[in-house]
Amino acid sequence: MSQETHTLMFALPKGRMLPNALGLLRRAGFWTPDQDNGRKLIVESPDGRLRYIMAKPSDVPTYVEYGAADLGICGLDVLRESGRNVYEPLLLPFDYCRLSLAGPADRPDWPLRYASQPRVATSFPRLTTEFFRSRGVNAEIIKLNGSVELGPLVGLADLIVDLVSTGNTLRANGLVEIRTIMESQAVLIANRAAYRLKAPAVQPLIQALRQAITQQS
Ligand code: PRP
Ligand code: MG
């Protein structure tokens, strides 16, 4: 087997999820880059077994579906939003949150009763469209890339669909949850072809991660 066969390309999510992802990989016995790795976007382990791609979290499923990465770690939320076709061999015990519909606290029963065409701000247009369509509500979806809670505060939107973890951001901005759309947590994803063709490298890695998770709990 060539060296390439043994080298696994692993897409890591930059930002909030990174410390947990690195921690799990280390506990499972794998070399990882430091948290603060400067501006370098591809980092190879000293033994050449792993090559990490430091990706924007929402792009991780894209790298993995196309095989630019064999494996990756991302949230179920961004995976479902991406619609990418990958394996999901292992749920990971961190970055728990939920995608929720929320609105101004003074009109908590907003959504489906008052507005025939509510305007909804979100970074998850696909899941939001699906949610309203399945309820027969003709919502106008306004895509924002962050600070979505601003939407109703400045009159841009009636409602938001965004991630909720502690609920602090909603509370701090006078918003309340109306419905949970999906529960999310981190997940290990794998390219479908690599999962089979690189099984000798992929399977032990999955097994080691699984064991590290079991030992931790
Ligand atoms: C995320 C998410 C919510 C908040 C939820 O935003 O979009 O706004 O965290 O966490 P909480 O329930 O614990 O308050 P983030 O801080 O990542 O910023 P962004 O929306 O601007 O990307
Ligand atoms: Mg936010």
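When a ligand or atom number is given, it counts from 1 through the structure's own listing order.
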Checklist entry - Does a side-chain N-to-carboxylate-O contact under 4.0 Å join Glu81 and Arg126? => result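 Judged by the 4.0 Å cut-off on N to carboxylate O distance, Glu81 and Arg126 do not form a salt bridge.
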Next on the checklist: Salt bridge or not between Arg98 and Glu177? Use side-chain N to carboxylate O under 4.0 Å.
Outcome noted: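 Salt bridge: yes.
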Checklist entry - Has Tyr96 got more than 12 heavy atoms of other residues, nucleotides or ligands less than 6.0 Å from its OH? => result yes
Next on the checklist: I'd like to know if the side chain of Thr180 and the backbone of Met182 have a donor-acceptor N/O pair within less than 3.5 Å.
Outcome noted: no
Measure from every N or O atom of ligand 1 to the protein's N or O atoms and keep only the pairs below 3.5 Å, writing each with atom names and distance to 0.1 Å.
{"unit_1": "ligand 1", "atom_1": "7 (O)", "unit_2": "Asp162", "atom_2": "OD1", "d": "3.2"}
{"unit_1": "ligand 1", "atom_1": "7 (O)", "unit_2": "Asp162", "atom_2": "OD2", "d": "2.8"}
{"unit_1": "ligand 1", "atom_1": "8 (O)", "unit_2": "Glu149", "atom_2": "OE1", "d": "3.4"}
{"unit_1": "ligand 1", "atom_1": "8 (O)", "unit_2": "Glu149", "atom_2": "OE2", "d": "2.5"}
{"unit_1": "ligand 1", "atom_1": "8 (O)", "unit_2": "Asp162", "atom_2": "OD2", "d": "3.3"}
{"unit_1": "ligand 1", "atom_1": "12 (O)", "unit_2": "Ser165", "atom_2": "N", "d": "2.8"}
{"unit_1": "ligand 1", "atom_1": "12 (O)", "unit_2": "Thr166", "atom_2": "N", "d": "3.1"}
{"unit_1": "ligand 1", "atom_1": "12 (O)", "unit_2": "Gly167", "atom_2": "N", "d": "2.7"}
{"unit_1": "ligand 1", "atom_1": "13 (O)", "unit_2": "Thr166", "atom_2": "N", "d": "2.9"}
{"unit_1": "ligand 1", "atom_1": "13 (O)", "unit_2": "Thr166", "atom_2": "OG1", "d": "2.5"}
{"unit_1": "ligand 1", "atom_1": "14 (O)", "unit_2": "Thr169", "atom_2": "N", "d": "2.9"}
{"unit_1": "ligand 1", "atom_1": "14 (O)", "unit_2": "Thr169", "atom_2": "OG1", "d": "2.4"}
{"unit_1": "ligand 1", "atom_1": "16 (O)", "unit_2": "Arg16", "atom_2": "NH2", "d": "2.8"}
{"unit_1": "ligand 1", "atom_1": "17 (O)", "unit_2": "Arg16", "atom_2": "NH2", "d": "2.9"}
{"unit_1": "ligand 1", "atom_1": "20 (O)", "unit_2": "Ser147", "atom_2": "N", "d": "3.2"}
{"unit_1": "ligand 1", "atom_1": "21 (O)", "unit_2": "Ser147", "atom_2": "N", "d": "3.0"}

Checklist entry - side chain to side chain contact (heavy atoms under 4.5 Å, CB included) with Glu65: which residues, sequence neighbours excluded? => result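 Arg84, Asn85, Val86.
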Item to check | 4.5 Å side-chain heavy-atom contact, Cys97 and Asp77 | outcome: yes
